Amino acid sequence: MKRTPLYQAHVDAQGKMVDFGGWEMPLNYGSQIEEHHQVRTDAGMFDVSHMTTVDFKGAQAKEFLKILIANDVDKLKTQGKALYSCMLNENGGVVDDLIVYYINDEDYRMVINAGTTEKDIAWINAQAEGFDVSVEPQFDLAMIAVQGPNARAKVFEAMPGVEEVAGELKPFNAASLGGLFIARTGYTGEDGFEIMLPEKSAEFTWKMLLEAGVKPCGLGARDTLRLEAGMSLYGSEMNDEVSPLEAALTWTIDLNNEDRQFVGRQALEKLRDDGVKKTIVGLILEGKGVIRDHQKVVTSLGDGEVTSGTFSPTMGKAIALARVPMGTTRSCEIEMRNKLVSAKIVKPPFVRNGKVLV
Amino acid sequence: MSEVRDDRQYTETHEWILDNGDGTFTMGVTDHAQALLGDMVFVELPGEGDEASHEDEFCVVESVKAASGVYAPADLEIVAANEALDDEPELVNSSCYDDGWLVKFKADNIEGLMSAEDYTNTLD
């Protein structure tokens, strides 16, 4: 199995190491729920070095990204500005979801999922044929996400000098200095940074953050935090067979520029014109129990399926994202261990910035 | 290392059973099981007076990670369920052999249990 530069730091911190898509990663360091609360109330950090950074450089970098992804990089005008998007196949299914950062018209940085890296790079290279662009995966970068209401203050405390680089960053913007790339982004619904840095600096930085009181958090807490924040997970809410239109990700698709014929556009427009039949909603279980992935959802308009189910530590209730027939409202039932249990239908997010919104 | 206590017996499915010496037994999940399951968020227990047949699923412990059934080790009748777990399911994590017990029951004869030593050996 592959290991990140922080593997030893996880073992030293009693991380419970599990196989996560071929990577040996920490599920938790004792209690997933305590780690979850740590991020909602203070500051926690995640090793996300398994994710892949890809740089796009060349005279046609911008032209290429305009056809590669469904959101429009033409929106990005200022250095460091970030954009969330899906990358689609010809059928309009999602090859991956990603964040792209603007450096200049000939230089962009993209972060893609770990489990899809090989597929993505092959796909990107195939699409890049004929463009004057160089596709450069940065496999020697580590990435640490520091998240929580006190995350930024603790990063500045732990990493002297970084405040001068990142102190003024607005949400969804990044700054860089030498090998350090720091973005005010995350996957938890809290404020914070995602810090990319050379792998040789990773362990030192991790220790400095520990000294500043940032607690290590595992992939278990990362999943409950993102689910509360209503954020999609590739492979759960969407995949190669599912359109962003069927995953409540319509906001990430930009069809304004009719001349921008990005991959998958025709399929999306056809699906939109034919009528989208499914979508993703949030569920809150009424009563005790925990909603699990793939459980059947019974609605008045037909059956659906839980795409991500869990117990929300912030709400103290079971919550889920589920794919249901378009138009389903108010309530449904979930088949749990051979019983039908009522659930309320809500619009995610469930929790943002420490507050319950549903 | 998981804690295993010498004063009680164990099942292959990682439950402990303590003979109370008055025809009743107390049952819970082992330290190994609670660590594997992770943070407990919900425990579904039978009511006092309920009966279960050998190998019936008669309790469910749910953690953030998974739901896990607990099966009756014999034909039995419930004499008490640990109501504290309704509000504090995390007792199963913090005190699996004491405050985190699941049920007390009456049974005539429980077969196939392991000693602490034999159970410890299965964990290696």
Side-chain angles (χ1 to χ4, degrees), chain A residues 14-20 25-40 217-228 284-296 306 308-320 334-339 341 343, chain B residues 1-3 13-14 29-48 50 52-53 55-72 78 81-97 99-100 102-103 123-124:
Chain A
Q14 316 294 319
K16 186 175 173 203
M17 306 306 285
V18 295
D19 180 354
F20 184 77
M25 299 298 286
L27 182 65
N28 61 60
Y29 302 84
S31 168
Q32 172 176 338
I33 288 179
E34 277 171 31
E35 291 161 23
H36 180 107
H37 291 313
Q38 175 73 19
V39 171
R40 285 273 178 257
C217 299
L219 294 173
R222 188 170 160 81
D223 193 52
T224 51
L225 287 159
R226 74 92 194 165
L227 226 169
E228 285 186 354
I284 303 174
L285 194 70
E286 294 173 330
K288 290 195 167 186
V290 183
I291 312 174
R292 307 288 177 185
D293 296 5
H294 307 302
Q295 281 172 342
K296 187 162 115 181
V306 173
S308 297
T310 196
F311 175 80
S312 157
T314 307
M315 298 165 65
K317 292 175 182 172
I319 61 168
I334 306 173
E335 194 177 296
M336 299 171 65
R337 301 174 68 80
N338 301 318
K339 279 183 284 194
V341 184
Chain B
M1 261 315 283
S2 299
E3 184 190 357
T13 44
H14 306 288
V29 302
T30 66
D31 189 34
H32 175 78
Q34 71 77 21
L36 267 187
L37 285 162
D39 291 327
M40 221 53 80
V41 293
F42 173 52
V43 180
E44 185 182 332
L45 298 175
E48 196 183 322
D50 284 1
S53 301
E55 295 185 343
D56 280 357
E57 182 183 288
F58 76 130
C59 307
V60 180
V61 292
E62 289 214 44
S63 71
V64 283
K65 213 162 95 187
S68 182
V70 177
Y71 297 89
I78 303 295
N82 187 359
E83 287 169 8
L85 300 179
D86 274 353
D87 294 326
E88 293 180 90
E90 60 271 24
L91 288 172
V92 175
N93 296 115
S94 60
S95 181
C96 67
Y97 292 122
D99 298 339
L102 299 178
V103 288
L123 300 179
D124 292 338

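Everything quoted here is computed from the prediction, not taken from an experiment. Per chain, numbering begins at 1; letters A, B, ... match sequence-line order.
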* Whether over 12 other heavy atoms sit under 6.0 Å from A:Glu34 CD -> no
* A:Lys317, NZ atom: more than 12 neighbouring heavy atoms under 6.0 Å -> no
* Nearest non-hydrogen partners of A:Lys16 and B:Leu36, listed with the distance -> NZ-O, 3.6 Å
* To do: For residues B:Val64 and A:Arg292, report the shortest heavy-atom separation together with the two atoms involved.
  =>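 Closest approach of B:Val64 to A:Arg292: O-NH1, 3.1 Å.
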* Asked: Hey, what do you get for CG (A:Asn338) to CD (B:Glu57), rounding to the nearest 0.5 Å?
  ->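 A:Asn338 CG to B:Glu57 CD: 9.0 Å, rounded to 0.5 Å.
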* **Straight-line distance of A:Ile33 CD1 to B:Asn93 CG, nearest 0.5 Å** => 8.0 Å
* Side-chain donor or acceptor of A:Lys288 paired with backbone N/O of B:Asp86 under 3.5 Å ->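 Pair found, side chain donor or acceptor close to backbone of B:Asp86.
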* **Pick from B:Ser63, B:Gly69, B:Ala35 with the largest number of heavy-atom pairs that fall under 4.5 Å of chain A** => B:Ser63
* Are A:Arg337 and B:Glu44 side-chain neighbours, meaning at least one heavy-atom pair lies under 4.5 Å? -> no
* Asked: Heavy-atom distance under 4.5 Å to chain A: side chain of B:Val43, backbone, both or neither?
  ->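 Neither part.
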